[in-house]
Amino acid sequence: MNTVLSRANSLFAFSLSVMAALTFGCFVTTAFKDRTVPVDIQVSRVMLKNVDDFTGPKERSDLGFITFDVTADILPIFDWNVKQLFLYLSAEYETKNNALNQVVLWDKIILRGENTNLSLKDMKSKYFFFDDGNGLRGNKNITLTLSWNVVPNAGILPLVMGSGHTSVPFPDAYEATKSY
C-alpha cells in the first residue's frame, strides 16, 4: 500500500512545509524593524537650462543640473535578512500644471558586505532632471530625499524614506547654452 513513490511524496511535502514555516519565521523576525537612518543631503550647485524638448511638440523645457553631497551610515539597516539595498535620490516639487512631480536623480545598489558608510561628495545627477514645461525656473521648493528599497532574503520589499531631506531653490534665470 505504501509504495516508494508515495513515501517520497510524503517526505517531500513535509520538507516543503517545514521550509515554508522556517521562511515565514525568518520574515517575522525582521518584518517590524525600523529601517530609517539619519541622512544629510547638501546641495553645492544648482544650474538651470532651457533646452529643446524632442519628445513632443517643438517646445522648450527646463533641464536642471544639481551637484550634491550625501552622508549617511546605513549599517543599522543591514541584518541577517537583508540581501541588498537599492538607494535612490529623488526630487519632489509642485508646478502650475501638476500638484506633484517626482524625478529620480541618482541611484546605487549596495550589497551586503560592502562599505555601509555612505559619504558622497560633489555627485552629479545620474539621470536628467527634466520638467515637462517651465516649472523649474524660479521654483523655491524642490525637495531632495534619499530613499531605499530593502531587498530581503525572505519577506516583503519595504520602501523606506530617509529621515533627512533638503529643499533647494532654483534660479530665476537660465544659464546660457553653448552652440556647437
Side-chain angles (χ1 to χ4, degrees), residues 30-57 59-79 82-111 114-152 156-177:
T30 59
F32 305 107
K33 182 180 176 185
D34 182 26
R35 301 201 184 268
T36 59
V37 295
V39 175
D40 182 36
I41 303 170
Q42 301 292 325
V43 176
S44 58
R45 184 166 185 235
V46 177
M47 191 171 66
L48 182 63
K49 291 187 178 186
N50 194 259
V51 296
D52 291 328
D53 186 5
F54 298 108
T55 60
E59 295 179 3
R60 296 180 71 82
S61 295
D62 287 350
L63 175 61
F65 298 94
I66 294 179
T67 304
F68 58 92
D69 301 337
V70 175
T71 306
D73 183 19
I74 56 175
L75 182 62
I77 300 172
F78 281 92
D79 57 24
V82 175
K83 196 183 305 185
Q84 67 184 18
L85 291 178
F86 176 74
L87 301 165
Y88 60 95
L89 182 75
S90 62
E92 284 188 9
Y93 61 101
E94 185 177 327
T95 60
K96 292 182 288 186
N97 299 334
N98 300 313
L100 178 64
N101 296 286
Q102 293 178 319
V103 179
V104 173
L105 302 175
W106 173 88
D107 64 4
K108 180 178 178 67
I109 295 174
I110 297 182
L111 301 173
E114 290 184 5
N115 186 11
T116 58
N117 190 8
L118 198 64
S119 181
L120 307 171
K121 302 289 183 202
D122 292 328
M123 296 294 295
K124 293 182 176 26
S125 300
K126 189 175 180 181
Y127 306 109
F128 288 116
F129 188 2
F130 261 114
D131 184 59
D132 61 346
N134 298 318
L136 293 178
R137 184 179 68 185
N139 196 327
K140 301 297 180 201
N141 194 19
I142 296 176
T143 305
L144 299 180
T145 308
L146 185 70
S147 303
W148 49 86
N149 281 96
V150 179
V151 181
I156 59 172
L157 292 134
L159 172 63
V160 182
M161 188 176 293
S163 64
H165 60 275
T166 187
S167 292
V168 179
F170 263 66
D172 294 324
Y174 296 116
E175 295 280 330
T177 57

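Only this structure's heavy atoms are used, side chains among them; waters, hydrogens and symmetry mates stay out.
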> Can D34 and T36 be counted as having a side-chain donor-acceptor contact under 3.5 angstrom?
Replying inline: yes
>> What I want to check is whether the side chains of Y93 and N139 have a donor and an acceptor closer together than 3.5 Å.
In response: no
> Are the side chain of D69 and the backbone of D122 linked by a donor-acceptor contact shorter than 3.5 Å?
Replying inline: yes
Heavy-atom neighbours of [X] [atom1] exceed 12 at 6.0 Å:
X: M47; atom1: CE; value: yes
X: K124; atom1: NZ; value: no
X: Y127; atom1: OH; value: yes

Within-4.5 Å side-chain heavy-atom neighbours: [X] and [Y]:
X: F65; Y: L63; answer: yes
X: D79; Y: K33; answer: yes
X: V103; Y: F128; answer: no
X: V150; Y: L85; answer: yes
X: P152; Y: L157; answer: yes
X: V70; Y: L87; answer: no

Look up atom [atom1] in [X] and atom [atom2] in [Y], then write down how far apart they are to the nearest 0.5 Å.
X: N97; Y: D132; atom1: CG; atom2: CG; result: 6.5 Å
X: D73; Y: L118; atom1: CG; atom2: CG; result: 9.5 Å
X: F86; Y: K108; atom1: CZ; atom2: NZ; result: 12.0 Å
X: N50; Y: D62; atom1: CG; atom2: CG; result: 5.5 Å
X: K83; Y: F78; atom1: NZ; atom2: CZ; result: 12.5 Å

Any idea which heavy atoms bring [X] and [Y] closest together, and the distance?
X: I66; Y: F129; result: CD1-CE2, 3.8 Å
X: L105; Y: L144; result: CD1-CD2, 3.7 Å
X: A91; Y: I142; result: CB-CG2, 4.0 Å
X: R35; Y: T30; result: NH2-O, 3.4 Å

> Where do L120 and W106 land on the side-chain contact (heavy atoms from CB on, under 4.5 Å) test, with the steps shown first?
Replying inline: CA-CA 12 Å; L120 307 171; W106 173 88; 3.4 Å; yes
> Tell me the salt bridge (charged side-chain N to carboxylate O under 4.0 Å, His left out) pairs involving residues 135-145, sequence neighbours left out?
Replying inline: K140-D172
>> So, using side chain to side chain donor-acceptor pair (under 3.5 Å) as the criterion, who are the partners of N141 when residues are at least two apart?
In response: S167
Name each donor-acceptor pair under 3.5 Å that joins a side chain in residues 37-46 to protein atoms two or more places apart or in another chain, with its distance.
unit_1: D40; atom_1: OD1; unit_2: Q42; atom_2: NE2; d: 2.9
unit_1: S44; atom_1: OG; unit_2: T67; atom_2: O; d: 3.3

> Looking at V82, I74, N115, which one forms a side chain to side chain contact (heavy atoms under 4.5 Å, CB included) with I110?
Replying inline: I74
> Do V151 and I109 pass the side-chain contact (heavy atoms from CB on, under 4.5 Å) test, and can you show the C-alpha distance, the side-chain angles, and the key distance before you say yes or no?
Replying inline: CA-CA 10 Å; V151 181; I109 295 174; over 6 Å; no
> Are S61 and D131 close enough, and set up right, to give a side-chain contact (heavy atoms from CB on, under 4.5 Å), and what steps lead you there?
Replying inline: CA-CA 6 Å; S61 295; D131 184 59; 5.8 Å; no
>> Using the rule given for side-chain contact (heavy atoms from CB on, under 4.5 Å), can you reason through I77 versus V160, listing the C-alpha separation, both sets of side-chain angles and the distance that settles it, and then say yes or no?
In response: CA-CA 10 Å; I77 300 172; V160 182; over 6 Å; no
